[in-house]
Structure formats: C-alpha cells, structure tokens
Amino acid sequence: MIDFREVLIPYIKSKLSNIDVRDGSSTFKQPTDNYVTYYILSEIVASFQNETITNIATEEATYTPLTIASLRISIRGSSSYINCKTLWNGFDTITNKKSLSDLGVYFMNKGSITQLPTSKNTHLQEGYLFTFTFSYDNSFTETTTLTEDITTNGN
C-alpha cells in the first residue's frame with residue numbers, strides 16, 4: 001500500500017517553489033509567508049470493481065478495489081492567488097496526470113477555488129482553497145469463487 005502523502009507533497013513542492021507543505025491535522029507554528037496545508041476529508045475503499053479478471057475455468061473473479069481520497073488544499077500567504085492557480089491548473093494537465101499515475105496516484109476531480117480572507121491581529125491574511133479527489137492503489141486483492149461444484153446422487 002502506498003502512502004499518497006509521499007507522492008503529493010513532493011508534487012506540490014515541485015509546482016510551487018520555496019513553499020512549506022503542512023498536514024492541517026497537525027499542530028505547527030504558522031509560517032511567516034507562503035505555505036500550503038492539506039486536510040484529509042475522506043478516505044474510502046471504493047465499492048466498484050477495478051480491473052476485474054474472471055477465470056472461466058475455475059469460475060473465480062479477482063477484485064482489486066481502489067481507495068478514493070478527498071483532500072482540501074489551503075494555500076496562504078502573499079502569493080496565495082498565483083500559487084493556488086498554478087497548483088489548481090497543474091493537476092489537470094495530461095503530463096502531470098501521467099506523472100502522478102506512474103507513482104500510483106490517479107487524478108479524479110478538483111473542486112472550484114474558494115477565497116478565504118481572514119483577519120489576524122488586524123492584518124488581512126489572504127488565502128484560497130480547493131478540494132482535490134484522487135484514487136490510489138491500496139494493494140488489496142480478493143478472489144471470490146463465483147460457483148460451487150454440486151454433486152447430485154441422481155434421485
């Protein structure tokens with residue numbers, strides 16, 4: 001099973017130069033300027049079948065469900081608008097989708113950008129956020145027998 005954080009954090013850092021990326025569920029000292037926090041909204045194992053392989057001879061089906069995760073990405077600081085647009089646009093290019101999928105993270109959807117102006121100590125701190133949905137391989141495989149052999153005694 002992969003840890004999607006090991007893929008997404010370096011990806012975000014490669015798109016936005018010189019930026020801190022923090023887990024929003026952890027306590028940390030707020031950086032003085034540009035930074036990104038991510039919040040895991042949900043992680044579920046999908047109920048649909050992915051790459052179902054049916055063996056006709058043994059009448060077995062193999063299921064390899066994927067984990068689908070939603071992250072909220074919050075971008076703060078003086079360059080937050082430019083950084084947010086760069087990152088938001090960066091998820092949806094063919095090249096970036098391919099590089100992420102090569103690492104086991106598969107882009108599914110991104111939400112719209114929402115502005116988060118907040119006042120802190122009478123200073124306006126600019127920020128933006130969006131939601132990003134992706135799936136990743138959880139290396140979970142299950143083989144199910146579709147039928148059972150039934151023997152009758154002829155009566």
Side-chain angles (χ1 to χ4, degrees), residues 1-54 60-144 146:
M1 182 166 165
I2 70 163
D3 183 359
F4 65 85
R5 293 162 198 83
E6 293 177 7
V7 174
L8 288 179
I9 291 171
Y11 176 81
I12 291 169
K13 286 183 176 183
S14 73
K15 295 296 166 202
L16 307 175
S17 60
N18 201 19
I19 197 155
D20 286 329
V21 179
R22 306 289 178 126
D23 182 347
S25 65
S26 301
T27 303
F28 58 91
K29 183 177 179 181
Q30 185 175 354
T32 55
D33 200 10
N34 296 311
Y35 67 98
V36 173
T37 53
Y38 63 90
Y39 304 88
I40 302 168
L41 300 178
S42 67
E43 261 186 294
I44 59 167
V45 176
S47 60
F48 61 87
Q49 301 169 18
N50 180 41
E51 296 180 22
T52 301
I53 304 164
T54 304
E60 291 180 341
T62 302
Y63 303 95
T64 52
L66 295 175
T67 299
I68 296 178
S70 291
L71 262 92
R72 175 154 296 147
I73 298 175
S74 174
I75 301 163
R76 299 289 184 139
S78 59
S79 301
S80 60
Y81 181 74
I82 294 166
N83 286 340
C84 187
K85 289 296 284 184
T86 301
L87 189 58
W88 190 80
N89 289 329
F91 279 118
D92 209 8
T93 66
I94 293 171
T95 305
N96 291 338
K97 285 180 183 180
K98 173 90 172 93
S99 65
L100 284 172
S101 68
D102 288 346
L103 297 170
V105 174
Y106 306 94
F107 170 82
M108 295 179 76
N109 184 25
K110 63 182 179 184
S112 59
I113 295 173
T114 304
Q115 185 178 9
L116 291 172
T118 57
S119 182
K120 184 175 182 180
N121 297 334
T122 68
H123 181 265
L124 187 64
Q125 181 184 27
E126 189 175 13
Y128 298 87
L129 65 81
F130 65 93
T131 303
F132 170 63
T133 306
F134 59 94
S135 62
Y136 64 94
D137 176 21
N138 63 356
S139 299
F140 173 82
T141 302
E142 179 181 338
T143 301
T144 304
L146 299 176

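Worth saying up front: this structure is predicted, and the values here are computed from it rather than measured.
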Using a 4.5 Å cut-off on heavy atoms from C-beta on, say whether the side chain of Y11 contacts that of L100.
yes
Is there a side-chain contact between I75 and L116, using heavy atoms and a 4.5 Å cut-off?
no
Please name the pair of heavy atoms, one in R5 and one in E43, separated by the smallest distance, quoted to 0.1 Å.
NH2-OE1, 4.3 Å
Which atom pair, heavy atoms only, marks the closest approach of A69 to Y136?
CB-CE2, 4.2 Å
So, do T37 and F28 sit near enough that their side-chain heavy atoms are less than 4.5 Å apart?
yes
Is there a donor-acceptor contact under 3.5 Å from the side chain of S79 to the main chain of I82?
no
Output for pair (K97 NZ, D102 CG), nearest 0.5 Å, gives 14.0 Å
Please report the interatomic distance CG(D33) to OG(S80), rounded to the nearest 0.5 Å.
9.0 Å
Check against side chain to side chain contact (heavy atoms under 4.5 Å, CB included), I12 and L16:
CA-CA 6 Å; I12 291 169; L16 307 175; 4.3 Å; yes
Between W88 and I73, is there a side-chain heavy-atom distance shorter than 4.5 Å?
no
Kindly write out the residues that satisfy ring-ring contact (aromatic ring centres under 6.0 Å, His included) with F132, not counting sequence neighbours, or none if the list is empty.
F91, F107, F134
Taking C-beta and beyond as the side chain, do I40 and F4 meet within less than 4.5 Å on heavy atoms?
yes
Quick one: closest heavy-atom pair of N89 and K110, and the distance?
CA-NZ, 4.0 Å
Would you check, one step at a time, whether the test side chain to side chain contact (heavy atoms under 4.5 Å, CB included) holds for N83 with I19?
CA-CA 9 Å; N83 286 340; I19 197 155; 3.8 Å; yes
If I compare all heavy atoms of Y39 with all of G24, which pair ends up nearest, and what's the gap?
CE2-CA, 3.3 Å
Show, in sequence, the C-alpha distance, side-chain angles and deciding distance for T133 and L41, and conclude whether the side chain to side chain contact (heavy atoms under 4.5 Å, CB included) test is met.
CA-CA 10 Å; T133 306; L41 300 178; over 6 Å; no
L129 and S74: which non-hydrogen atoms are nearest, and at how many Å?
CB-CA, 4.0 Å
Listed partners of Y81 passing ring-ring contact (aromatic ring centres under 6.0 Å, His included), at least two apart:
Y128
For R22 and P31, work out which heavy atoms get closest and say how close.
NH2-CG, 4.4 Å
Say you draw a straight line from CD1 of I94 to OG of S99; how long is it, rounded to the nearest 0.5 Å?
12.0 Å
For N18, does the CG atom sit with more than 12 other heavy atoms under 6.0 Å from it, leaving out its own atoms?
no
